[in-house]
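All remarks here apply to the structure that follows.
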Number of protein chains: 2
Amino acid sequence: MSEATERTRWWGWGDEEGRPRLGPDGAALVRRALELPEVPPPAPPRLEEVELPERGLPAEALERLTGIGGPSGIATDRLARVAHAAGKSYPDLVRLRAGDARTAPDAVLRPRSAHDVAAALHVCAELGIGVVPFGGGTSVVGGVTPEREGYAGVVSIDLAALSGVSDVDRRSRTARIGPGTLGVRAEAELLAHGYTLGHFPQSLELATVGGFVATRSAGQASTGYGRIEERVLGMSCVTPAGPLEVHPTPASAAGPSLRELLVGSEGVLGVITDVTLAVAPVPELRRYEGWSFPSFGDGVEAFHALAQTGTAPDIARLADEEETRLSMGLGSTGSFADRAGQSYLRARGHGRGTLAILGWEGPAREVGRRRTRAHRMLRAAGGVALGGGAGRAWARSRYAAPYLRDELMDMGVLVDTLETATTWSSLPGLHAAVAQAIRATLGARGTPPLVGCHVSHLYPAGASLYFTLLARAEPGAELEQWRAAKRAAGEAIVAHGGTITHHHAVGADHRPWMTAEVGPLGVEALRALKGRLDPNGVMNPGKLLPEPAGAGPA
Amino acid sequence: MSEATERTRWWGWGDEEGRPRLGPDGAALVRRALELPEVPPPAPPRLEEVELPERGLPAEALERLTGIGGPSGIATDRLARVAHAAGKSYPDLVRLRAGDARTAPDAVLRPRSAHDVAAALHVCAELGIGVVPFGGGTSVVGGVTPEREGYAGVVSIDLAALSGVSDVDRRSRTARIGPGTLGVRAEAELLAHGYTLGHFPQSLELATVGGFVATRSAGQASTGYGRIEERVLGMSCVTPAGPLEVHPTPASAAGPSLRELLVGSEGVLGVITDVTLAVAPVPELRRYEGWSFPSFGDGVEAFHALAQTGTAPDIARLADEEETRLSMGLGSTGSFADRAGQSYLRARGHGRGTLAILGWEGPAREVGRRRTRAHRMLRAAGGVALGGGAGRAWARSRYAAPYLRDELMDMGVLVDTLETATTWSSLPGLHAAVAQAIRATLGARGTPPLVGCHVSHLYPAGASLYFTLLARAEPGAELEQWRAAKRAAGEAIVAHGGTITHHHAVGADHRPWMTAEVGPLGVEALRALKGRLDPNGVMNPGKLLPEPAGAGPA
């Protein structure tokens, strides 16, 4: 099992020590708002009591896979299997907390090289064993949850050993990074060379670079550094049909983009074994600051203006009214403002306003110049500067939310996030429709939710919307309740011009809307591609592509 | 036949009137350098004497295609067929000038809508008729030259009627543009709304927006505005298997990018019938200027520094020593400096130096700020400012080269351009290797060439190299001579880490290196995709994909 999963909660997020906490005020606020009953937190699930799938790997498969990757190339112990049974979505954690790891793989493979990966895929393809490529296991869309229906068995390929930064090309500002390299580790290694990848998803501590690429991750600073696909120059991918190589090049006109076929392929075509990425100098200055706007609409106007004048910061987040209230209440989820700040805002008539976080990275002089220009536009839109304290508070807790989710779940809270993107024209309608759909659905179930949203990831043509929902969980019906909310949100997104995912990927959970996203023939085109690269249909079953007429291996 | 081709030279470039000319000094310089014999220019080929393919469209095909697109939906007259017989590459023009239009299609279809296109594809797929999507017909890689081997016939689909700008979304800064819209026409229509597409390939006057998208065009200002794929938000494409729809969205994580599959698909998957593109405000100021550097290496250092510090201009071109000499000699090919400028440079010791053109577009204040910062870096690299005159001279002649090619061919000159891109680390080696390969090959044939090159299209990780070659044509063996030079250049590019094309596309001419570019399995993946979307294999035969084992329709 990977370093990433062994030291961390298999049924939740991160290490046991030094965890960010809600704090008593935050917990009280949530209890009050969701009318939660006072219950003691449940005991964590016990590894030895967890239910695993009955059937193991067929003897021939076990025998032929053993030895690939050296003496520790395969693990079938309980911890390894349970730690690879699911990703980190709310439904994943609901199941694991209930002691249900029936999705666990039969074995976990630990290849040391692309050659090992190829050998493993060869065996699995021949024997009809499903293969789940596994980086950090942080998918929130069911992307790494094994599906065994119709397969002789299923294995996870943990890429932890294909790790590390190499071939740093200072002249071209590129570096090769192993797919199993944790985001934090990649940053640490690049820092030694004076570089950053500039890619900071909330999952940075546990997610891997290969995962970023396989899922089209954006990262909190995508407005400045670009999405992961804008930073990938080349890559290697091992498919059951053989190796695919994208030569690192800054740009090419040689046909459809093979690179853009592999980015976002979510393990259904093959295993990414190597990536060459653009890196950037570690910024001289990182300056994060808070701003307040009279209303969400005012803030959107400000962001729209920044995005279309080349004035956008590297990080830009604008909370709507509900997310603002939630953030101000939940100290460590990203408190935008301390008590003093809140009083100041109320004094300025922004007591019911909305909060934004802007982040600037680069040479100090340039940051100064960019901020001066942006501040003029923010003020013109009615913005009030809250200063660096609010920004630093956000930065301190920028990776905290998934830790807090564990605590919220202990309190009996349904907690989920979902995201979309659209053009500036469609943004207000999409924002209202999705929030309304979630509220109506959960309200009708007697569990009225808190639904906050922020605009982030600015583009000249539009932006993303990121929703957070909290509701009193329905004991025993948590999954059904979650599915109802997810379905309502997904349908609203599709009906109002949003993409089904801006950076969480498709996985299993967004499959119902994949046909709406790319059309029936688009799905068929992707299926044809998969048919050629993975003719036996063993790669990451049940992900990305909608359920075909006849599921299971070919 | 399209407006674009009817008013223009079918055997050359552009209209007859107001053509840019070499001028007597330029012509004398070329004559001297290439040791050309003094010959009178050949008479233009006569339409009525041109050789067409013998066989016409089968009667059933003609009957079923007639009526699609209304009364003028199909043309089989000589002019229409000859005007669609080839693109605008050197070998295309060599053949047409020799009266050889044996590649002409049997008919030219003129659909008025996506519906017409679908109807035509249906008939062609059923009857095994090859289909060549045709925009402006300006391909320089054989991308629109019909290939009939193994087909019952071949038609070109001229998209001129699917033209115009619509649905301008001012809030999101996007517009829908018909694929048959000429680049200049799109600019004119957008200008009425205060916008520009920011996409200015040398072929702007004759090429279409659909062609830009189908060939992954870059445009002279790509350093600032981005390549065409960075400006496409959504598109519609009609394939023989049905319609593909890419919903306009600023970004998505929903799997492999369908958009990036259709961009660069060069008509082998289907016909692009609609594109939604990002537009930008017409810049308040367009400021073009010339700079001189002591050597090409010094200039590369300067461009490298600009590209990696966010200081790059919107247009950036740096000629090497040979291209500088050539440009200074050939007045209107983009004369960087007038006589006074040349004297000034010699006085500064730059007599043998290299010349750069920088273009800045945007609000006047911002252009001023950006230029100030860039100028500091250019001077630090040994650059000397030549002022706006040199820039304006370039801007005046930025679309002139293909007109001058006609004149050079009249003089008996082989004239071609080819392009590649690579990382900054590999750039010097690639530059030397390609120039040397062309020189050695043509030198060995007794026709030593002039080989100039410029760096342009800057990226943080690298840049493109654009080569121009001139040599004394071998009468009667022009095609063989050209093929030898092309082969030498292509092999050098592949051997030295370059992409086989940065913005000219693959077409027919770069097919021999497509396997080197994307690997054998990459080719198979593209073939699988084509197999699903174009199961009868009728779309643009002989383009993009390397020769399969068994060519011809399925």
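So you know, we letter chains A, B, ... as the sequences are listed, proteins then strands, and number each from 1. Excluded from the calculations below are hydrogen atoms, water molecules and symmetry mates; all remaining heavy atoms, backbone and side chain alike, are included.
Looking only at distances, no side-chain donor or acceptor of Arg216(A) sits under 3.5 Å from a matching main-chain atom of Ala251(B). Side chain of Gln308(A) to main chain of Arg171(B): a donor-acceptor pair is present (N/O by atom type, distance under 3.5 Å, no hydrogens or angles).
In this structure Ser426(B) satisfies the side-chain contact (heavy atoms from CB on, under 4.5 Å) test together with Thr422(B), Thr423(B), sequence neighbours excluded. Residues forming a side-chain hydrogen bond (donor to acceptor under 3.5 Å, both in side chains) with Arg373(B) (at least two apart in sequence, or on another chain): Glu366(A).
Scanning both residues, Pro250(B) and Ala463(A), for their nearest heavy atoms gives CG-N, 4.0 Å. The heavy-atom pair separating Leu533(A) from Ala525(B) by the smallest distance is CD2-CB, 4.2 Å. What you find for Ala461(A) and Thr174(B) is that their closest heavy atoms are CB-CG2, 4.1 Å.
Pro256(B) has its side chain within reach of Leu526(A): a pair of non-hydrogen atoms, C-beta onward, lies under 4.5 Å apart. No side-chain heavy atom of Arg532(B) sits under 4.5 Å from any side-chain heavy atom of Arg527(A).
If you measure heavy-atom distances from Ala278(B) to chain A, you find no contacts under 4.5 Å at all. For Ala516(B), the part lying under 4.5 angstrom from a heavy atom of chain A is the backbone only. Contact of Ile500(B) with chain A is made through the side chain alone, with heavy-atom distances under 4.5 Å. For Glu229(A), the part lying under 4.5 angstrom from a heavy atom of chain B is the side chain only. When heavy atoms are compared at a cutoff of 4.5 Å, Thr239(B) approaches chain A solely by way of its side chain, counted from C-beta outward. Contacts between Leu521(B) and chain A at a heavy-atom distance below 4.5 Å involve backbone atoms as well as side-chain atoms.
The candidate from Ala218(B), Gly310(B), Gly462(B), Gly497(B) with the greatest count of non-hydrogen atom pairs under 4.5 Å with chain A is Gly462(B). Contacts with chain B were tallied for Val141(A), Leu261(A), Val506(A), Val246(A); Leu261(A) has the most, counting heavy-atom pairs under 4.5 Å. When Ala254(A), Ala528(A), Gly519(A) are compared by the number of non-hydrogen pairs under 4.5 Å with chain B, Ala254(A) comes out ahead. Comparing Glu230(A), Glu524(A), Glu266(A), Met514(A) by how many heavy-atom pairs each has under 4.5 Å with chain B, the most go to Glu524(A). The residue among His510(B), His247(B), His304(B), His457(B) with the most heavy atom pairs within less than 4.5 Å of chain A is His304(B). Of all the listed residues (Arg170(A), Glu245(A), Arg259(A), Arg369(A)), the one sharing the greatest number of non-hydrogen pairs under 4.5 Å with chain B is Arg369(A).
Each of Glu517(B), Arg227(B), His503(B), His502(B) was compared with Ser252(A) under the side chain to side chain contact (heavy atoms under 4.5 Å, CB included) criterion, and only Glu517(B) meets it.
Side-chain contact, Ser172(A) with Ser425(B): a donor N or O sits under 3.5 Å from an acceptor N or O.
Rounding to the nearest 0.5 Å gives a distance of 8.5 Å between OH of Tyr459(A) and OG1 of Thr249(B).
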